[in-house]
Enquirer: 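Mind looking over this structure? Questions follow.
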Amino acid sequence: MEIGKSLKHISPEWGLVSVCFLWGSSFILIATALESISPGLLVTSRFILGALLTALIMGKELKNITRVDWMGGLWAGTCIFFGYFLQTVGLQTIPSSISAFLTALYVPFVPLLQLILFRKVPELTVGLGIAVAFGGMLLILDPTKLSFSGSFGEWLTIASALACALEIIVIGKFATQCNPKAFCLTQLTVVAAWSSTYTIAFEDVYVSWNPTLIVCIAILAGMIAFNQIVINWAQKTVSPTKAVLIYTLEPVFAGIIGWLVGEKIGLMAAFGGVLVVASVIISSWLPRYIQERKLACKKE
């Protein structure tokens, strides 16, 4: 079944929202899994199983994977890996709060790279939305508790944010030319190859297999396969700048889920979440709603 047909009743924007929800919910699963497995081995296991699952979903379509699918997967998968890798290495020397704050820089990096690489200026509503959403993300992360030293770990994390931004742009570039499932498979395969190499070469691997760990890895693998297929499908029609605006919902969902399991949310973080949601709604859906209303009025 073609992914477009199977998702014909879902708008690409809502598809990306579902991805953000799964990203936000994955933090608890990852934290639980890391109690029993080393980080590199977790990432490797997650992407290998995700690639195998995608291959099973494709079935006979595997023979139709094209050179463009592999080329796109090589570029996007490499960006995905370095996003994970540089952030992980940076976390060894800087607090997680600073890491989260610097990683959020991928939001303004996307329109900046679009401008530098392709001379594309975002629409006014989208540009304003990105600015407001980024401000909301910073409030969620509470910048009042942060301090910067310009350390090597901080620069590595900024580089990881740049890799994440490049991933979004690369996917947007190749999505229109690739089958979403084939593009997903090549991406996950490339990440699995990179992460396997890193884990074998540099990591002190450890694992303590137990039912909880197995369930976490299985769910995370399913998430990564679903997320990448939906992203590849959605970014056929959603521009990288609009996509990154929707992606700012991830920390909102993470905060809500954390609150549901007992974590506290401060007033600043709550206000930041409201800003993010408002900016996404106004920038992504309001222009379309206005256009639809204008067309309806003309017909009347």
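Sequential numbering from 1 along the given sequence is applied to the chain's residues.
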Enquirer: Please list, chain by chain and in numerical order, all residues satisfying side-chain contact (heavy atoms from CB on, under 4.5 Å) with V19, sequence neighbours excluded.
Expert: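 Per chain and number, V19 pairs via side-chain contact (heavy atoms from CB on, under 4.5 Å) with W23, N227, V230, I231.
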
Enquirer: Taking all non-hydrogen atoms of both residues into account, name the closest pair between A133 and T248 and its distance.
Expert: CB-OG1, 3.6 Å

Enquirer: Compare all side-chain heavy atoms of F271 with those of L275 and state whether any distance is below 4.5 angstrom.
Expert: yes

Enquirer: Evaluate the side-chain proximity of I158 to Y106: yes if any heavy-atom separation is below 4.5 Å, no if none is.
Expert: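 Counting from C-beta outward, Y106 and I158 never come under 4.5 Å.
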
Enquirer: Side chains of T157 and Q87 only: does a donor on one sit below 3.5 Å from an acceptor on the other?
Expert: no

Enquirer: What heavy-atom pair brings T54 and A225 nearest, and what distance separates the two atoms?
Expert: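 Minimum heavy-atom separation between T54 and A225: OG1-CB, 3.6 Å.
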
Enquirer: If two hydrophobic side chains count as joined below 4.5 Å and joins carry through other members, does I246 share a cluster with V126?
Expert: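 Per the 4.5 Å side-chain linkage, I246 and V126 are co-clustered.
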
Enquirer: Parallel, tilted or perpendicular for F85 and F82, by the 30°/60° rule?
Expert: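 Perpendicular: the ring planes of F85 and F82 meet at over 60°.
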
Enquirer: Just wondering, do L105 and F134 contact through their side chains at under 4.5 Å, heavy atoms?
Expert: yes

Enquirer: With a 4.5 Å cut-off on side-chain heavy atoms, are K120 and L115 touching?
Expert: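 No; the side chains remain at least 4.5 Å from each other.
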
Enquirer: Check whether any side-chain heavy atom of S38 sits under 4.5 Å from a side-chain heavy atom of D204, and report yes or no.
Expert: no

Enquirer: Can you name the nearest heavy-atom pair linking G272 to L139, along with the distance?
Expert: CA-CB, 3.8 Å

Enquirer: Tell me the closest heavy-atom pair linking A163 and G83, and the distance in Å.
Expert: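 Closest approach of A163 to G83, heavy atoms only: CB-N, 3.7 Å.
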
Enquirer: Output a table of donor-acceptor pairs, distance under 3.5 Å, between side-chain atoms of residues 40-51 and any protein atom two or more places apart or on a different chain; print 'none' if there are none.
Expert:
| residue | atom | partner | partner atom | Å |
| --- | --- | --- | --- | --- |
| T44 | OG1 | G40 | O | 2.8 |
| T44 | OG1 | S195 | O | 3.3 |
| T44 | OG1 | S195 | OG | 3.3 |
| T44 | OG1 | T199 | OG1 | 3.1 |
| S45 | OG | L41 | O | 2.7 |
| R46 | NE | L220 | O | 3.4 |

Enquirer: Are Q187 and N232 close enough that a side-chain donor and a side-chain acceptor fall under 3.5 Å?
Expert: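 Yes, N232 and Q187 have a side-chain donor paired with an acceptor closer than 3.5 Å.
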
Enquirer: Find the distance between CG (L29) and SG (C216) and round it off to the nearest 0.5 Å.
Expert: 5.0 Å

Enquirer: Return yes when atom OH of Y198 has more than 12 non-hydrogen atoms of other residues, nucleotides or ligands closer than 6.0 Å, and no otherwise.
Expert: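 Atom OH in Y198 is packed in, count exceeds 12.
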
Enquirer: Of all the heavy-atom pairs spanning A76 and I171, show the shortest one and how long it is.
Expert: CB-CG1, 4.1 Å

Enquirer: Quick check on F118: does its CZ atom have over 12 non-hydrogen neighbours (other residues, nucleotides or ligands) under 6.0 Å away?
Expert: yes

Enquirer: Hey, are the side chains of Q228 and L185 touching, using non-hydrogen atoms and a 4.5 Å cut-off?
Expert: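 Answer no - side chains too far apart.
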
Enquirer: Would you indicate whether the side-chain heavy atoms of S208 and L213 approach each other to under 4.5 Å?
Expert: no

Enquirer: Does some side-chain heavy atom of P12 sit less than 4.5 Å from a side-chain heavy atom of K236?
Expert: no

Enquirer: Rounded to the nearest 0.5 Å, what separation is found between the CD1 atom of I65 and the NZ atom of K181?
Expert: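 Rounded to the nearest 0.5 Å, the CD1-NZ separation comes to 11.0 Å.
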
Enquirer: Strictly by modelled atom types, are W209 and S36 linked by a side-chain donor-acceptor pair under 3.5 Å?
Expert: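 No donor-acceptor contact under 3.5 Å links the two side chains.
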
Enquirer: Could you pull out the closest heavy-atom pair between P240 and G172, with the gap in Å?
Expert: CG-CA, 4.3 Å

